[in-house]
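Let me begin by presenting the structure, written as structure tokens, before commenting on it.
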Amino acid sequence: MIIPLDQVPAGRKIIVERIEGGHGAFARLYSLGLVPGSEVEVIVNRFVGPIVIRVRDTTVSIGRGLARRVYVRVVG
Amino acid sequence: MHHEKSKALQEEKEEILMAIVGSPNVGKSTLFNMLTGKLAEVANWPGVTAEIEYSRITHEGNNILVIDLPGIYSLVPQSREEAVARDFIIKNSPDVVLAIADITNLEKSLYLVVQVLELFPKVVVALNKSDLSHKRGIHVNVEKLSRALKVPVIPISARTHENFHRLLDDAVKMAKSSRSSVLTINYGFLEHYIEKIANILSKYHENKRVARVLAIHLLEGDKSVLELLDENDKLETEKILEEVSKTFGGPLAAYIAGKRYEFIDKIAEDAVVRVKNVEERLSKIFDRIFYTPVVGFLVSVFILLFVFIIAIGIGMGAPLTDILCSIGAENAANFLDEYNPATLIDEGFSLLSEYASLSLDYINAPKIVSSIVVDGIIGGVGVVATFIPPILLFYLLFSILEDSGIYARMAVSMSKMFEIFGLTPRAAFPMILALGCNVPAVVASRTSTEETERKQIIFAVPMIPCQARLVVLIAMSAYFNIGWHQALFVVTFYLLGIFMYLATSLFTRRFIYKQKSPPTTIIEIPSIHRPSLRVVWWTTLRNVKHFVRRIIVVILPLSVVAVVLTSYGLHGYAESPQETFGYYIGKIFSVLFYPIGITGEKAWVVGYGVLNGIIAKEVFIASIESIWGNFYALLGTLTSAQVVALTAFVNLYIPCFATLAMMLREGHRKLLIQHLIYAFGVSYTIMMGAYAVVSILS
């Protein structure tokens, strides 16, 4: 099932399916390695405030607005 | 002209030009400082818009000019800084580029390194933090990595100086080599289009590899590549771009970044072994605190408050002296009051101006010269100097928070609150700094990575009551006889100031820059570790040095203007304040206070005080005393509603000269004019509102 990243509870592992966005802030996500195919672990998601994820051994906090446009598949 | 300068800087001495590139957090600045061992110089370089730091070293008889390029995440420009780094490499073509990766964060930090390798042939890769890798359970086969990237890879530690000698050996060797091949990544179906665009771009860039890289950057969304092109070529290129996006649905930038990561992952799979489950106990404890709702936020606010009290308190006395007094530690309070660095510096400057004034009298210097030298230059520099201790402490404490990884977690906990006001947690640092002095806070707006947010911060910072306004607040609070009334009065205006900072930021974003959504917050969270004191010290010193350099430029001419306004009138040097230009202007201001019932002579005096408050906020009181004799005598004739209303106005109306000048330097003229209208309008409205409310209540 493919859902937006902001809907994934903490502790789950996911794979990025697609990102709905082009330039600007998304470029930072891409350079962090958050691209289609990346495996990501959701560390913190309190359903308000930012989401903390772990991608390629880097921990990053991203705003909900951005997370809403990253579509992922839950794998673990 | 700049170009000639750099050529002269470099070639006369047959120096090797070595540029350091790296992402924030990989320890780039630490490496730069440790390599060069001294504070950097700043210069302008051809083809780039910002000042760049450089320093000179000698290695085995080779003179090396080391350039510290700004920390960036990607070579594709998203911000001014990123454009600076790429354009520097393209336009100055250094003899060698030192690309820094972080061994504890290998794949991610290789992303930038790979981009550098695509663009430039003579690169040496430094694998920083290698002293930490085993502790974190990371084992890297450096030879394999080096073979895959086809350039030397040296594991180093910027903290412990490990392998510096080898790194410089290899850098010098690379600089003297004639290596000309670059890394080529296969971008799959895009290759066809990259070639087409590169063909067009090669008319403008002699170098084929530069044309290819710029073509890739264009596909990633960097439209600035098109700027050089003539109309025909631009049209043709745009046609190709349209064709690409028609055949490919999703964002191209993600596809390209994905291809780079594919390449990196393949290398890493071969060269890196990770031992799983390495405990990061300390990080986990901090995570638990800061990621807990409400608790994390409160702890963050408490830490910010602590930074404020320590920095200002130890640097300048108040409000720590007041806190010490209230807990009964009068001796400590008195000691701090007399011997804090700001007071000592102030006394030093008083002695200096006394001496200067005597000497100038002795040689019969004209009055105008002595008043400009003594009150203007020495006085002006003196005021700035007293702010150096607290600012130094601010930067010191913030560097510790930042370098240890604590600040990133605070940022996460405060991120929602800042988002509501159209800001990111980066706005917290200028906010706290502004409580000390607004001027460095305007400079600190640079911590923001989004240009709009930076402008918002510049626009909103003057709403925060600085130390000078605290002096005025405390003087005004003397109107109330009961201790807790006074405290309530002061705290209320602090909270009002901070709220106005946040609200003004939102206003600026929505109505001046017309952006509906808040800036996006992406915060990298490093693991918690003990900060390196040397790193902290370097960062602090560098920031304070920049601030002092900037402020001296603005403060000197302003001090002279201030002296002329307050000591001269139509008939030259004025014997009493009533004959000065300032007094006449003050009379114009006096009209403002008629609606709250302050009229006649009293209104003139307040108007004169308000004018002086623009020169420097704390002078509001002294200037009123120079006419009325005693400030509290004037205060006693006012009603409580008038006091509250006046305080609100004086707190918010117009920033002081130095802040205005810095806003102009960091922002632009339009922003300054918009701010003046806004601040005046808002402060006047609040004054009238406060007058009405308090009048009804009392």
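In this text, all values refer to a predicted model and were calculated from it rather than measured experimentally. Below, read A as the first sequence line, B as the second, and so on, with proteins coming before strands; counting in each chain starts at 1.
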Return the option, out of B:A257, B:P293, B:G258, B:S415, with the maximum number of heavy-atom pairs under 4.5 Å with chain A. B:P293
Can you tell me which of B:T521, B:T520, B:I522 forms the most heavy-atom pairs within a distance under 4.5 Å of chain A? B:I522
Considering only heavy atoms and a distance below 4.5 Å, find which of A:V55, A:L32, A:I62 pairs most often with chain B. A:L32
Mind ranking A:L66, A:V60, A:V52 by heavy-atom pairs under 4.5 Å with chain B and telling me who comes out on top? A:V60
I'd like to know if the side chain of B:Y261 reaches the main chain of A:S31, judged simply by a donor and an acceptor atom lying under 3.5 Å from each other, with no hydrogens or angles considered. yes
Cut-off 4.5 Å, heavy atoms of chain A, and the answer for B:S245 is neither
Looking only at non-hydrogen atoms, find the nearest pair between A:G49 and B:K416 and report the distance. N-CD, 3.7 Å
Can you tell me if B:E402 has over 12 outside heavy atoms packed within less than 6.0 Å of its CD? no
Between [atom1] on residue [X] and [atom2] on residue [Y], distance to nearest 0.5 Å:
X	Y	atom1	atom2	value
A:T59	B:E524	OG1	CD	9.0 Å
A:Y30	B:R260	OH	CZ	12.5 Å
B:Y291	A:S61	OH	OG	7.0 Å

What are the residues of residues 34-45 of chain A, in order of number, with any heavy atom under 4.5 angstrom from a heavy atom of chain B? A:V35, A:P36, A:V44
Can you sort out the partners of B:D265 under salt bridge (Lys or Arg N to Asp or Glu O under 4.0 Å), two or more places apart, ordered by chain and number? A:R56
